[in-house]
Amino acid sequence: MFFDNVKNTINQPLGEINGYSIFIKREDLLHPVVSGNKFRKLKYIFKEIIINKIPVVITFGGAFSNHLAATAALGNELGVKTIGIVRGHEWRNKINESNTLSYCYSKKMDLICVSREAYKKKETSDEIQKYLKTISNYRLIPEGGTESISVKGCAEILRPIDSKFDVICSSLGTGGTLAGLITASYKKQFVLGFNSLNSSSALNLVNHFTKKKNWEIINDFTFGGYGKIKPELINFMNNFYKQYKIPLDPVYTGKMLFAIFELIKKNKWRWGKKILVIHTGGLQGISGMNNYLERKKLPILTY
Ligand SMILES: *Cc1c(COP(=O)(O)O)cnc(C)c1O
């Protein structure tokens with residue numbers, strides 16, 4: 001099956017920076033769209049769906065969501081019908097303005113665009129409940145794909161050879177990936193999550209999934225919030241690509257690497273010398289971000 005054919009991802013060295021050795025685990029190379037942590041998160045969910053012969057999967061996401069794109073690709077690959085509940089009524093008439101939604105549509109995902117109020121309440125809202133009543137046998141996946149079996153999937157990111165690192169770094173949305181990494185972390189390792197949202201909800205979620213205390217969330221590099229960017233960040237990501245030939249995504253991994261480099265440069269790094277950074281993928285979002293940057297007459301990502 002799809003999930004069992006993948007090889008282990010490599011730890012690519014970035015070299016020494018101010019005496020710190022940094023490696024990056026190229027989970028982005030797992031698959032062009034079902035990449036990084038989305039592959040890990042959806043693995044056991046889809047295995048369960050196939051074993052139980054559930055015909056339809058329904059999930060949630062914004063118009064640039066890596067999770068929606070990954071779910072659409074997987075459903076198409078594995079013969080499971082997918083439905084995406086999209087944040088914002090306005091997308092109803094402009095699917096083609098979002099590369100992510102167009103991609104989902106091309107993978108035969110049904111897109112149901114709902115109001116922001118309904119989206120916030122998810123399946124408890126009247127609007128969404130009314131829709132769900134029209135479908136008989138389905139499996140709901142929460143926003144971002146975070147539930148206990150997806151945390152188990154994310155724990156598989158770390159392998160025995162990774163025990164030599166002092167600190168594991170990951171970007172963070174819901175916190176499901178971080179919870180998996182903490183679960184799998186080795187003795188004496190510390191796990192750092194770099195928040196990409198101006199919300200502290202991940203803290204509770206991580207505490208729900210693990211009792212371990214060897215972790216911390218860094219909230220200082222959100223660049224104004226989820227999906228927000230600044231020219232400074234774009235320049236950093238373009239330079240990073242020039243130097244290492246590794247593409248980063250603007251919502252998650254770009255902010256994390258910016259943060260790591262900044263903290264090291266300013267002598268504020270206090271978590272150990274051997275650093276493993278998880279590249280959680282998400283590269284499908286680059287073209288959508290570039291469209292947005294072009295409209296705003298801002299510098300674009302050049303890779
Ligand atoms: C979804 C996503 C995240 C966030 O993962 P969580 O488990 O929700 O914290 C991080 N990085 C990338 C590239 C993602 O697509």
Side-chain angles (χ1 to χ4, degrees), residues 1-11 24-61 65-84 100 103-104 107-109 137-162 168 170-185 191 193 202 205-206 208-210 249 251-253 276-285:
M1 185 188 173
F2 180 82
F3 292 105
D4 303 319
N5 293 335
V6 297
K7 300 201 175 68
N8 290 320
T9 46
I10 52 154
N11 293 339
I24 182 160
K25 191 182 277 297
R26 298 294 306 275
E27 292 273 302
D28 56 312
L29 300 176
L30 281 172
H31 183 274
V33 176
V34 194
S35 77
N37 63 349
K38 299 305 182 279
F39 179 99
R40 304 291 181 183
K41 294 178 100 167
L42 291 170
K43 174 177 165 183
Y44 289 109
I45 297 179
F46 267 86
K47 282 195 165 189
E48 188 191 275
I49 287 164
I50 286 175
I51 287 169
N52 295 321
K53 300 195 169 62
I54 297 168
V56 181
V57 156
I58 306 178
T59 195
F60 304 89
S65 163
N66 295 332
H67 168 67
L68 269 193
T71 305
L74 263 181
N76 193 55
E77 177 91 30
L78 301 174
V80 181
K81 168 95 201 126
T82 56
I83 298 172
T100 302
Y103 174 84
C104 291
K107 295 291 169 192
K108 305 195 180 73
M109 180 179 251
N137 186 9
Y138 61 85
R139 162 71 147 89
L140 216 57
I141 305 178
E143 187 178 31
T146 295
E147 49 180 273
S148 59
I149 52 173
S150 50
V151 170
K152 172 181 156 193
C154 289
E156 294 177 0
I157 295 173
L158 287 186
R159 300 195 306 117
I161 57 156
D162 301 325
I168 312 296
S170 174
S171 50
L172 174 141
T174 63
T177 305
L178 196 73
L181 290 168
I182 296 166
T183 314
S185 63
V191 185
L205 186 128
V206 176
H208 170 78
F209 282 114
T210 178
D249 88 288
V251 179
Y252 295 104
T253 53
L276 178 65
V277 180
I278 312 298
H279 194 318
T280 43
L283 303 172
Q284 69 84 29

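Because only heavy atoms are used, hydrogens play no part in the values below, and waters and symmetry mates are left out as well, while side chains stay in.
- Proximity of a side-chain donor or acceptor of Ser35 to a complementary backbone N or O of Gly282 within less than 3.5 Å is detected.
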**Asked** Which is it for Met109 and Leu68 under the side chain to side chain contact (heavy atoms under 4.5 Å, CB included) test, yes or no, and what are the steps along the way?
**Response** CA-CA 9 Å; Met109 180 179 251; Leu68 269 193; 4.0 Å; yes
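- Here the two rings, on Phe60 and His67, have centers that are 6.0 Å apart or farther.
- Residues Phe39 and Glu156 have side chains not in contact (no heavy-atom distance under 4.5 Å, counting atoms from C-beta outward).
- A salt bridge between Glu147 and Lys41 is absent, with no side-chain N of the basic residue lying under 4.0 Å from a carboxylate O of the acidic one.
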**Request:** Test Thr280 against Ser171 for side chain to side chain donor-acceptor pair (under 3.5 Å), laying out the working first.
**Result:** CA-CA 7 Å; Thr280 43; Ser171 50; 3.2 Å; yes
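- The CZ atom of Phe209 sits 10.0 Å away from the SG atom of Cys154 when rounded to the nearest 0.5 Å.
- Residues Gln284 and Tyr103 have side chains not in contact (no heavy-atom distance under 4.5 Å, counting atoms from C-beta outward).
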**Prompt:** Under the side chain to side chain contact (heavy atoms under 4.5 Å, CB included) criterion, do Val33 and Leu74 qualify, and how do the steps go?
**Reply:** CA-CA 9 Å; Val33 176; Leu74 263 181; over 6 Å; no
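- Between the side chain of Thr174 and the main chain of Gly144, no donor-acceptor pair closer than 3.5 Å is present.
- Heavy atoms only, all atoms of each residue included: Leu172 and Ala202 are closest at CD2-CB, 3.6 Å.
- Contact check on Arg139 versus Glu48 returns a salt bridge, with a Lys/Arg side-chain nitrogen under 4.0 Å from an Asp/Glu carboxylate oxygen.
- Without hydrogens or angle criteria, Asp249 side chain to Val251 main chain gives a donor-acceptor distance under 3.5 Å.
- Interatomic distance, Lys47 NZ to Leu78 CG, rounded to the nearest 0.5 Å: 10.5 Å.
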**Request:** Check step by step if side chain to side chain contact (heavy atoms under 4.5 Å, CB included) holds for Asn66 and Tyr252.
**Result:** CA-CA 11 Å; Asn66 295 332; Tyr252 295 104; 3.9 Å; yes
**Message:** Test side chain to side chain contact (heavy atoms under 4.5 Å, CB included) on Leu140 and Thr59; report intermediate values, then the result.
**Reply:** CA-CA 6 Å; Leu140 216 57; Thr59 195; over 6 Å; no
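- Among all heavy-atom pairs drawn from Val80 and Pro55, the shortest one is CG1-O, 3.6 Å.
- In this structure, His279 NE2 and Ser170 OG are separated by 11.5 Å, a value rounded to the nearest 0.5 Å.
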Table please: side-chain donor-acceptor pairs of residues 175-185 below 3.5 Å, with sequence neighbours left out.
unit_1, atom_1, unit_2, atom_2, d
Thr177, OG1, Asn37, ND2, 2.9
Thr183, OG1, Ala179, O, 2.6
Ser185, OG, Ile182, O, 2.7
Ser185, OG, Lys212, NZ, 3.3
Ser185, OG, Asn214, ND2, 2.9

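- A salt bridge does not link Asp28 to Lys38: none of the charged side-chain nitrogens sits closer than 4.0 Å to a carboxylate oxygen.
- Across Ile54, Ile58, Val56, a single residue satisfies side-chain contact (heavy atoms from CB on, under 4.5 Å) together with Lys81, and that is Val56.
- The distance from atom OG1 of Thr210 to atom NE2 of His208, rounded to the nearest 0.5 Å, is 11.0 Å.
- Listed by chain and number, the residues in a side-chain contact (heavy atoms from CB on, under 4.5 Å) with Lys25 are Thr9, Asn11, Glu27, Ile157, Asp162, Leu276, Ile278 (sequence neighbours excluded).
- Residues Thr100 and Ala69 approach most closely at CG2-CB, 4.1 Å, considering heavy atoms.
- For Phe2 and Phe46, the ring centers are positioned 6.0 Å apart or more.
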